[in-house]
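Here, residue 1 is the first one in the sequence, and each next residue gets the next number.
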Amino acid sequence: MQRPANRWTVGPLPSSVYWRRRAMVAVVVVGAVLLVWIFARNSGGDHPTTATSAAASGQGGGSTVNPTAGAGAGATGGPGATGGPGASSDPSATPQIVPASPDPTGQPTAQRSAPPANIAPCTDDQIAVTVTVVPSPGPLGGTFSFDINIASKATDWCTRDLGSGAQEVQILRAGALLFSSDDCNTAKKTDVRAFAVGDAVTYRIQWSSYRATPHVCAVGATPAPEGTYQVVARVGSKLSAATDFAIKR
């Protein structure tokens, strides 16, 4: 018995129908093979895009940013900064008194002319010294900021040493000295400034209420107790009036 010349043509339909079906199947198979080959090619080895992404995300060998950096002494208050009430609730944190420094928030209101030569020093009568406290009342175990404002009352230019050696805050209770910033001030630097008529400058010193032993800078185990206190600022031999502040539980 003679077999059909084309063994691929099987069925009652015309052969062209079966050939079209076979072509479609072949296209699908070839496409699947291509997809598998492309996926296998892209998934193997390191590529430049991977290295670029790692470098951009900081995963390479370069330096990384430490999220805790800057949380040391500067975090408790740098120049012009104010420590939060809870910053010194734990005496093991050893909060520091911030060295006196110009308040960076102050902005000149007018163009200042250059000071002349040979300016005489400001006398105590030619400057006004005042001190304010933040917060008041403050929490037991808190950190307090004392802003010392020095303003010229002179009718002409004069100079004054405003360095850390000339500045001091004294904290008193019932007239007795509780703390002096000089107890922690070892630098004793000088900083002579020229004051024009009406000039003023503000400095900030911070105090942890755990420093509550007279003539001792070290942090104590217990903070200054509840009550009313006074702070007095000194610039050289010029004293401010006493400013009351309170510590409450």
Side-chain angles (χ1 to χ4, degrees), residues 73-74 76-83 95-138 143-173 175 177-208 211 215 217 228-246:
T76 62
T82 302
Q96 300 294 317
I97 289 183
V98 178
S101 57
D103 184 353
T105 61
Q107 297 294 330
T109 57
Q111 184 66 33
R112 194 171 185 270
S113 60
N118 302 321
I119 306 174
C122 303
T123 66
D124 285 353
D125 291 337
Q126 290 177 315
I127 62 171
V129 178
T130 56
V131 60
T132 57
V133 187
V134 177
S136 182
T143 294
F144 296 80
S145 295
F146 304 113
D147 284 352
I148 307 172
N149 183 265
I150 305 109
S152 171
K153 300 192 298 179
T155 58
D156 202 350
W157 286 86
C158 63
T159 62
R160 187 80 182 202
D161 180 12
L162 304 181
S164 58
Q167 295 188 42
E168 179 191 16
V169 291
Q170 299 174 354
I171 301 167
L172 306 100
R173 188 181 188 195
L177 179 67
L178 184 72
F179 176 81
S180 165
S181 61
D182 277 356
D183 296 334
C184 300
N185 181 11
T186 59
K188 302 291 185 182
K189 295 181 179 179
T190 60
D191 181 16
V192 178
R193 298 290 186 96
F195 279 84
V197 177
D199 274 357
V201 64
T202 297
Y203 291 80
R204 177 168 293 181
I205 293 177
Q206 287 187 320
W207 170 67
S208 163
R211 299 183 189 275
H215 309 298
C217 180
T228 300
Y229 296 79
Q230 295 78 39
V231 58
V232 176
R234 178 183 63 83
V235 179
S237 54
K238 177 72 172 185
L239 296 176
S240 72
T243 298
D244 289 345
F245 69 100

(request) Identify the two heavy atoms, one from Ala154 and one from Val197, that lie closest to each other, and give their separation to 0.1 Å. (result) O-CG1, 3.7 Å

(request) To the nearest 0.5 angstrom, please state how far the CG atom of Leu178 sits from the NE2 atom of His215. (result) 10.5 Å

(request) Measure up the Phe179 and Trp207 rings against each other and bin them: parallel (under 30°), tilted (30 to 60°), perpendicular (over 60°). (result) tilted

(message) Let me confirm one number: the CG-CD1 distance from Asn185 to Ile205, rounded to the nearest 0.5 Å.
(response) 8.0 Å

(request) Mind listing the closest non-hydrogen atom pair of Trp157 and Ala114 along with its distance? (result) CZ2-O, 4.1 Å

(message) Could you measure the distance from the CD atom of Gln206 to the CZ atom of Phe146? Nearest 0.5 Å is fine.
(response) 9.5 Å

(request) Applying side-chain contact (heavy atoms from CB on, under 4.5 Å), run through Ser180 and Glu168 and close with a yes or a no. (result) CA-CA 7 Å; Ser180 165; Glu168 179 191 16; 2.5 Å; yes

(message) If I take atom CZ from residue Arg193 and atom OG1 from residue Thr159, how far apart are they, to the nearest 0.5 angstrom?
(response) 12.0 Å

(message) Between Ser240 (side chain only) and Ala233 (backbone N and O only), is there a donor and an acceptor less than 3.5 Å apart?
(response) yes

(message) For a side-chain contact (heavy atoms from CB on, under 4.5 Å) check, start with the C-alpha distance between Phe144 and Ile171, then their side-chain angles and the critical distance, and finish with the verdict.
(response) CA-CA 11 Å; Phe144 296 80; Ile171 301 167; over 6 Å; no

(message) Give me the atom names and distance for the closest heavy-atom approach of Cys158 to Ile119.
(response) CA-CG2, 3.2 Å

(message) Between Ser152 and Asp199 (side chain of the first, backbone of the second, donor and acceptor by atom type, cut-off under 3.5 Å), is there such a pair?
(response) no

(request) Kindly compute the distance separating CG (Leu162) from CG (Asp191), expressed to the nearest 0.5 Å. (result) 6.0 Å

(request) Taking atom NZ of Lys189 as the centre, report whether more than 12 heavy atoms of other residues, nucleotides or ligands fall under 6.0 Å from it. (result) no

(message) Restricting to non-hydrogen atoms, name the atom on Lys238 and the atom on Ile127 that form the minimum distance, rounded to 0.1 Å.
(response) CE-O, 3.3 Å

(request) For Thr243 and Val131, work out which heavy atoms get closest and say how close. (result) OG1-O, 2.8 Å

(message) Are the side chains of Thr228 and Gln230 in contact, using a 4.5 Å heavy-atom criterion?
(response) yes

(message) What's the separation between atom CZ in Arg234 and atom CG in Asp182, rounded to the nearest 0.5 Å?
(response) 5.5 Å

(request) Evaluate the side-chain contact (heavy atoms from CB on, under 4.5 Å) criterion for residues Thr130 and Thr132: first the C-alpha distance (whole Å), next the side-chain angles of each, then the deciding distance (0.1 Å), finally the verdict. (result) CA-CA 7 Å; Thr130 56; Thr132 57; 5.8 Å; no

(request) Please determine if Arg160 and Asp124 form a salt bridge, counting it only when a charged side-chain N lies under 4.0 Å from a carboxylate O. (result) yes

(message) For a 4.5 angstrom cut-off between non-hydrogen side-chain atoms, does Arg211 reach Cys184?
(response) yes

